[in-house]
Amino acid sequence: MARFRKVSMDFWVDPIHSEEMTPDDRHFYLYLLTNQRTKQIGIYKTTIKQIAFDMGYTTEFIQTLMERFIQLHRLVRYNPETRELAIKNWAEYNFDRAGKPMMDCIFSELKEVQDISLIQYVAESIHKPEFRKLYDSFCNKEESPSSKEVSHHEENNTYLAPVWEEKDETFTTRHTIRGQEEEEEKEKEEEKEKEKQKQQEAFQPLLEGNLNNEHHLQDNQKTIDVKDIIAFWDNNGFGFSNVNAKEQLLSWLDDSRFLQPKAVILKALTIACTNNKRRLSYVMGNLKNWENESLLTVEEIDSYQENQKPAANNWKTTKSVPSGRDIPSGFDQDITAGEDW
């Protein structure tokens, strides 16, 4: 179809976009609406790595943005197995008039969608009956074995919308369930707790280790340290599903020269939150710099950072001192003294 996409000027004054989204959120959403892989139906194939390459961000940061749009803003859905992404409000920007060329294009593209639930997801926000009828004709088809396998995969994947949105067997009644906000929030929390449990099981070797009588106390302390670091990471937007990043960060508990490794790691995470740079590369950069400077405790790091501040103040003070010597107080200047007339 057309090689351009329309975005209304109201995009910038929509309260959701202007008040609830960060600048990175808005940039990410505009990319999803207008990139070269978009299709007329609002569902297209892409990958996290491709988005990161196009936008110039790290894959970890794109994972964080994707989770925000799925779980917080609830504007997209992504199936990592079929690599298909669906945009909820696509019709709002792209469906004006239903001419035959457009309807033919939509029909041909809908036939290529592997995850049928994504068609229903986009259809729920379509208000024009001619478009909605075409989408519903695909939603009402019986679920194929391959789509059942995809649904089974979705239960363990955090890139997708919460499981409670996916597990209804009847597509045509799912939008009424989503209207019950209190029930949704409750089920969402339950699924989040289940996912946390699975994450903890994945880290069980790190948490338990090979305990013996001699080192029992030390290993118990390490277990507490690992849990505290993972909890801080998960609860502060660093990427709940990014297991690889967590493993790299936890390696600093054993493979560093810090005298207080847990406290120093939490210090680095706190600084990343303060500066709104919730990326593993930023946290690791600070840890490496501190280790290279032999700053091995939180106290030494705080002292070092404090000592960097007075330098600027001293420069300002020195700059304001006038040149020459001051005239002593109580001295009467005689401009004719020493002159022979």
side-chain contact (heavy atoms from CB on, under 4.5 Å) for N242 and K246? Distances and angles first, verdict last. CA-CA 7 Å; N242 197 343; K246 296 176 190 178; 5.6 Å; no
I would like to know whether K45 and Q114 meet side-chain contact (heavy atoms from CB on, under 4.5 Å); could you show each step before the answer? CA-CA 10 Å; K45 288 182 178 289; Q114 293 176 261; 2.6 Å; yes
Would you sort out whether D302 and Q305 count as a side-chain contact (heavy atoms from CB on, under 4.5 Å), showing the intermediate values? CA-CA 5 Å; D302 289 339; Q305 291 176 339; 4.1 Å; yes
Evaluate K267 against F258 for side-chain contact (heavy atoms from CB on, under 4.5 Å), listing each step before the verdict. CA-CA 12 Å; K267 174 78 173 177; F258 295 123; over 6 Å; no
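The CG atom of L118 sits 6.0 Å away from atom CG of N79, with the distance rounded to the nearest 0.5 Å. Here the straight-line distance linking atom CG of N289 with atom CG of L295 works out to 9.5 Å at 0.5 Å rounding. For the atom pair CD1 (I126) and CG (N89), the distance works out to 10.5 Å, reported to the nearest 0.5 Å. Taking CG from L249 and CG from L280, the interatomic distance works out to 6.5 Å, rounded to the nearest 0.5 Å. Distance CG/L65 to OG1/T22: 7.0 Å, rounded to 0.5 Å. Note that the CZ atom of F95 and the CD1 atom of I41 stand 8.0 Å from one another [nearest 0.5 Å].
Both V264 and Y304 belong to a common hydrophobic cluster when Ile, Leu, Val, Met, Phe, Trp and Tyr are linked at side-chain heavy-atom distances under 4.5 angstrom.
The list of salt bridge (charged side-chain N to carboxylate O under 4.0 Å, His left out) pairs with a residue in residues 10-32, not counting sequence neighbours, reads D25-R68.
Aromatic ring orientation, Y93 versus Y29: perpendicular (interplanar angle above 60°, classes split at 30° and 60°). Ring planes of F28 and F69: perpendicular class, angle over 60° (limits at 30 and 60°). Note: H17 and F11 have tilted aromatic rings, judged against thresholds of 30 and 60 degrees for the angle between ring planes.
Between the side chains of T64 and R278, no donor-acceptor pair of N or O atoms lies under 3.5 Å. Using modelled atom types and a 3.5 Å distance limit, the side chains of Q221 and K262 yield no donor-acceptor pair.
Between the side chain of E291 and the backbone N or O of S256 there is no donor-acceptor pair closer than 3.5 Å. Put simply, the side chain of S303 never gets that close to the backbone of E299: no donor and acceptor are under 3.5 Å apart. Side-chain atoms of W90 do not come within 3.5 Å of backbone N or O of L33 as any donor-acceptor pair. Checking side-chain atoms of S125 against main-chain N and O of V122 turns up no donor-acceptor pair under 3.5 Å.
Applying the salt bridge (charged side-chain N to carboxylate O under 4.0 Å, His left out) criterion to R37, with sequence neighbours excluded, gives D54. Judged as a salt bridge (charged side-chain N to carboxylate O under 4.0 Å, His left out), and not counting sequence neighbours, K88 has no contacts.
The environment of K277 atom NZ is sparse: at most 12 non-hydrogen atoms of other residues, nucleotides or ligands sit within 6.0 angstrom.
For the pair D115/R77, no side-chain contact is recorded, criterion being any heavy-atom separation below 4.5 Å from C-beta on.
Of the candidates K49, Q50, M55, I62 forms a side chain to side chain contact (heavy atoms under 4.5 Å, CB included) with just one, namely M55.
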